[in-house]
Protein chains: 2
Amino acid sequence: MLIQTKFRNSSARFADNDGILAFAQPSAVTLYEAGTTIYGQGDPTGQLYMVEFGTVRLCRVSADGRRQISAFYFAGEIFGLEADQQRHFYAESVDSAGIRVLRPSQGDKFNQSMFQVALKGLTRAQEHLMVLGRQNGTEKVAAFLLDVADRQGADRLVELSMQRCDIADYLGLSFETVSRILTKLKCAGTIRIPHVKQIELVDRGELEYLRG
Amino acid sequence: MLIQTKFRNSSARFADNDGILAFAQPSAVTLYEAGTTIYGQGDPTGQLYMVEFGTVRLCRVSADGRRQISAFYFAGEIFGLEADQQRHFYAESVDSAGIRVLRPSQGDKFNQSMFQVALKGLTRAQEHLMVLGRQNGTEKVAAFLLDVADRQGADRLVELSMQRCDIADYLGLSFETVSRILTKLKCAGTIRIPHVKQIELVDRGELEYLRG
DNA sequence: CGAATTATTGAAACATGTCAAGGATCGTGG
DNA sequence: CCACGATCCTTGACATGTTTCAATAATTCG
């Protein structure tokens, strides 16, 4: 369910990612209801997207139904870059999200910006490889909470726009394990869970220690 | 232990990656003995490298000694791209490897090539995320064997330049588990192991099925 | 308020890790 | 060329973390 909206400058409060806005031709913001497909696997590539508000997940599902979320994107972040003409992952809104399409305007500066987007994506993916490959459940969850907090600019209170299942598919765990670990951290006094979707970082130092 | 060598065109048989050779200023080939550091974590960035022959691993070690190998690079492949001024991973030769430095020559075309390198790296990292996050040991090893075979252009006989421990740290497993899985695949008739470092893909279809 | 979805918790099964021993391979020097 | 030590690989037994299945609780939405 898509609803075209009109306001065009609400992202001013976020970093103008890599100067890309100056050189792309940004469209109006499109509103995606929670769980809506933004683009599908196999779709043609060619345009980038910017999250205006809300959260986006980039996913892939294997033949037998296991899902891996390769990244989340929050307000102000850019996604949709692919190496060739076909999309290898599909993108969905996690919650109600506003997405702006960035159409490529031919030009050096836009390419420069695309390069920055690619580098940022590469860095994130490599960081995530480390988490998926060599960390246990507790370390994964700690790393996730700190990452979300940083990207939200949150000092103590993290707003989890995604559900446990999304976190699990991002971290390579079952959602039950994610739930158990959050409970364990809560009991240890490291976090508080005032609401299912709000995590308060009580002992940030401990989380950073756990993250490794 | 480094030894400067002189031959400059032995990579002609490999794909001229993204046309980068035409625009960079390639140096002579430097020979790195097995297990030699090519660059360290924290080193300044700025130049790319091309594998002339042999294998390179890109690694990171956590505080308590767990290592994650984020990528292997084989002959003809380019590595060394980073998002900022500091290297976040370190690069080592796996076996005896010849490495060519690609110094950035200012210019549009080189940047274009860097972009291609970034995209390729991003794609690989994302593929690997899927493997690390959602595949079990057998699937990981199957995916690894097929990936190496493809990149070596090998039909049946895969030459494993790296040891079990490297494979394990790449796949997020223990080296004992890697060994056990190889044995299991051997007993199942899916592969043969004529030599510790040679894997014959007897039933490629089965491996592809296992990979998912 | 009630139904549907999502989250938590428990118990048992399973895959993988850890520790330990023995075997294969490799490089070196006699 | 062989013998030796060092390194790497394999295999076994057991410990552990995570998954799975199942039941209950909390939350969301109409």
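The structure displayed is predicted, hence computed values, not measured ones. These numbers come from the heavy atoms of this one structure, side chains and all, not from hydrogens, waters or symmetry mates. Sequence lines set the chain letters: A, B, ... in the order given, protein chains first and strands last, and positions in each chain run from 1.
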Sequence neighbours left out, what passes ring pair (Phe, Tyr, Trp, His ring centres under 6.0 Å) with [X]? Give chain and number order.
{"X": "B:Tyr90", "value": "none"}
{"X": "A:Phe74", "value": "none"}
{"X": "B:Tyr39", "value": "B:Tyr49"}

By salt bridge (charged side-chain N to carboxylate O under 4.0 Å, His left out) - contacts of B:Asp84 (at least two apart)
none
Salt bridge (charged side-chain N to carboxylate O under 4.0 Å, His left out) with A:Arg151: which residues, sequence neighbours excluded?
A:Glu77, A:Asp147
Where along nucleotides 7-19 of chain D does protein come under 4.0 Å, by heavy atom, of base (B) or sugar-phosphate alone (S), with - for untouched nucleotides?
-SSBBBB----SB
Any pair counted as salt bridge (charged side-chain N to carboxylate O under 4.0 Å, His left out), so long as it reaches residues 36-47 of chain B, sequence neighbours left out:
none
Whole Å only: how far is the CG atom of A:Asp95 from the P atom of D:dT28?
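Rounded to whole Å, this separation is 14 Å.
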Chain B on DNA chain C: first and last contacting nucleotide, 5' to 3', under 4.0 Å to a heavy atom?
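Contact span on the strand: C:dT16 to C:dC26.
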Hey, can you pull the donor-acceptor pairs under 3.5 Å for the side chains in residues 159-169 of chain B, sequence neighbours left out?
from, atom 1, to, atom 2, distance (Å)
B:Glu159, OE2, B:Gln198, NE2, 3.1
B:Ser161, OG, B:Thr55, OG1, 2.6
B:Arg164, NH1, B:Val196, O, 3.1
B:Arg164, NH2, B:Val196, O, 2.9
B:Asp166, OD1, B:Arg57, NH1, 3.0
B:Asp166, OD1, B:Arg67, NH2, 2.9
B:Asp166, OD2, B:Arg57, NH1, 3.3
B:Asp166, OD2, B:Gln163, N, 3.3
B:Asp169, OD1, A:Arg134, NH2, 2.7
B:Asp169, OD2, B:Arg67, NE, 2.6
B:Asp169, OD2, B:Arg67, NH2, 2.9

Could you work out, with side chain to side chain donor-acceptor pair (under 3.5 Å) as the rule, every residue matching B:Arg180, not counting sequence neighbours?
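Expected list: none.
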Over the length of the helix from C:dC1-D:dG30 to C:dG30-D:dC1, how much do the five-pair end axes diverge, rounded to 10 degrees?
50°
List the atom pairs, donor and acceptor, that lie under 3.5 Å between side-chain atoms in residues 203-212 of chain A and the rest of the protein, sequence neighbours left out.
from, atom 1, to, atom 2, distance (Å)
A:Asp203, OD1, A:Gly205, N, 3.4
A:Asp203, OD1, A:Glu206, N, 3.0
A:Arg204, NH2, A:Ala154, O, 3.3

Please check if the side chain of A:Glu200 supplies one atom and the backbone of A:Val158 the other of a donor-acceptor pair under 3.5 Å.
no
